[in-house]
Asks: 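Handing you this structure, nothing more for now.
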Number of protein chains: 2
Amino acid sequence: MTIMDKLVTASEALFDRHGFTATGMDKLTQGAGISSRTLYKHAGSKNALIARVLNERDKRFARRLEVESIDALFKALEDWVRVEGARGCLFLRALGETGGDTPEIVDAVLAHKVRVAERIAALVEHETGRDDAMLVEQIIVLFEGATAAAIYRGEQAVAAARQAAATLLAGAHS
Amino acid sequence: MTIMDKLVTASEALFDRHGFTATGMDKLTQGAGISSRTLYKHAGSKNALIARVLNERDKRFARRLEVESIDALFKALEDWVRVEGARGCLFLRALGETGGDTPEIVDAVLAHKVRVAERIAALVEHETGRDDAMLVEQIIVLFEGATAAAIYRGEQAVAAARQAAATLLAGAHS
DNA sequence: GACGATGTAAAATGAACGTTTTACATTGGT
DNA sequence: ACCAATGTAAAACGTTCATTTTACATCGTC
């Protein structure tokens with residue numbers, strides 16, 4: 001496990017549990033078990049570290065979404081919530097905390113959202129045989145809503161989203 | 001306009017645009033046009049001010065949701081997004097920034113979420129004549145998802161949620 | 001066995017944080 | 001006219017922030 005891996009892993013957990021601004025550099029160095037000099041030599045700055053954490057999370061999340069149906073997509077989200085907990089979309093949280101004033105963070109967030117949207121669009125087209133923009137938007141909303149609502153309603157929110165997606169999909173014949 | 005009104009109004013705008021932690025007390029006093037001494041005499045502390053801002057926002061939001069159908073509920077959300085912009089649910093953002101470590105904030109957030117959920121449950125029962133817990137959960141997810149997705153997809157996310165809700169509702173006969 | 005790279009430990013930087021305090025101005029009620 | 005209340009302005013509080021620097025240890029490699 002490289003220094004960067006330790007740093008990103010520890011930072012992601014701390015950011016997720018306590019927020020980005022509320023997590024100071026001392027917590028990050030302490031969490032990763034490295035000195036602040038090493039942190040800055042590797043990460044450059046706190047904002048750069050945040051962006052890197054988000055990009056790594058995007059990769060890990062995308063790997064989980066390598067499925068072949070909308071239903072499996074929501075099943076994957078259920079697994080994610082069960083394993084990683086439900087504290088809301090870390091990307092949108094980063095955006096909210098920084099007010100969209102940090103370009104490297106904005107870029108990471110938008111790239112992630114575009115990737116998820118494209119994944120959903122591909123699955124919808126694969127299942128319906130059509131390019132149904134409205135249905136894609138509906139699935140995106142359900143996916144985002146399940147992530148957010150799971151914070152305070154738990155896994156049942158994801159289960160409800162999954163069933164809603166199935167219903168909407170069943171109504172869209174090819 | 002009382003001092004408290006000025007303070008809460010200015011604070012809500014600043015918190016919403018720049019985040020809670022990133023907004024310092026100097027910005028808040030300057031935004032409200034009052035001294036820090038007056039702010040502390042009225043609000044007590046920053047966390048108490050945040051809780052008050054959330055409670056006031058909950059009231060204002062609830063007033064907007066005084067409608068008689070699920071469709072009108074999403075229409076109201078469309079109006080809200082058009083007027084107030086889409087930077088995500090301020091309640092969940094507050095929860096995320098504080099990591100759930102501030103009881104007064106947690107209370108304000110949960111109270112808000114319970115209130116919205118009850119509103120949705122009442123409307124669903126009014127329209128279907130039944131107590132359909134799954135359908136209620138689905139509408140909650142759509143509502144939450146529209147709020148979150150609107151950040152990066154704009155009003156079309158709310159429109160999609162609205163139509164999805166109509167479809168799901170049509171499938172639930174009384 | 002010396003060397004450059006790479007790490008740690010710890011102190012220093014200067015600014016910003018939330019909060020309190022001191023000193024003073026304004027004002028409305030009796 | 002006066003007093004208590006309520007406001008402002010501004011400095012001071014001690015802490016914490018992100019970042020840099022200084023000094024020193026450890027290492028694999030030639």
Asks: Please confirm whether any donor atom in the side chain of T38(A) sits under 3.5 Å from an acceptor in the base of dT6(C), or the reverse.
Replies: no

Asks: For Q30(A) and dT8(C), give me the distance from atom CD to atom P, rounded to whole Å.
Replies: 14 Å

Asks: Of the candidate nucleotides dG7(D), dA10(D), dA9(C), which contains the atom at the shortest distance from the side chain of S35(A)?
Replies: dA9(C)

Asks: Base, sugar-phosphate alone, or nothing: which one does T29(B) contact when heavy atoms must sit under 4.0 Å apart?
Replies: nothing

Asks: Whether the side chain of E97(B) engages the backbone of F20(B) through a donor-acceptor N/O pair (distance < 3.5 Å, no angle test) should be reported.
Replies: yes

Asks: Please name the residue in the list V8(B), L90(B), L49(B) that meets the side chain to side chain contact (heavy atoms under 4.5 Å, CB included) test with L54(B).
Replies: L90(B)

Asks: Let me spell it out: for each of M25(A) and I34(B), pick the nucleotide of DNA chain D with the closest heavy atom. Which residue's pick is nearer the 5' end?
Replies: I34(B)

Asks: Please classify the nucleic acid contact of S45(A) as base, sugar-phosphate, or nothing, using heavy-atom distances under 4.0 Å.
Replies: sugar-phosphate

Asks: Can W80(B) and V158(B) be said to form a side-chain contact (heavy atoms from CB on, under 4.5 Å), step by step?
Replies: CA-CA 10 Å; W80(B) 175 276; V158(B) 189; over 6 Å; no

Asks: Taking atom P of dG18(C) as reference, at what distance in whole Å does atom OH of Y40(B) sit?
Replies: 7 Å

Asks: Would you mind classifying the nucleic acid contact of G33(A) as base, sugar-phosphate or nothing, using non-hydrogen atoms under 4.0 angstrom?
Replies: sugar-phosphate

Asks: Could you check how far CG of D26(B) sits from C1' of dC17(C), rounded to whole Å?
Replies: 9 Å

Asks: Would K59(B) and E56(B) count as a salt bridge (charged side-chain N to carboxylate O under 4.0 Å, His left out) here? Give the steps.
Replies: CA-CA 5 Å; K59(B) 282 189 210 161; E56(B) 291 297 320; 3.4 Å; yes

Asks: Flag the pair D79(A) and R64(A) as a salt bridge only when some basic side-chain nitrogen lies within less than 4.0 angstrom of an acidic carboxylate oxygen.
Replies: no

Asks: Just the rounded figure in Å: distance from P of dA15(C) to NZ of K27(B).
Replies: 16 Å

Asks: How close or far is atom P of dT19(D) from atom CG of L39(A), stated in whole angstroms?
Replies: 9 Å

Asks: Check whether any side-chain nitrogen or oxygen of H42(B) sits under 4.0 Å from OP1 or OP2 of dT6(D), and answer yes or no.
Replies: no

Asks: Decide yes or no, distance alone: a donor-acceptor N/O pair under 3.5 angstrom between the base of dT22(C) and the side-chain of R37(B).
Replies: yes

Asks: Nearest whole angstrom, please: distance from the C1' of dA9(D) to the NZ of K41(B).
Replies: 15 Å

Asks: Roughly, in whole Å, what's the span from NZ in K46(A) to C1' in dT20(D)?
Replies: 17 Å

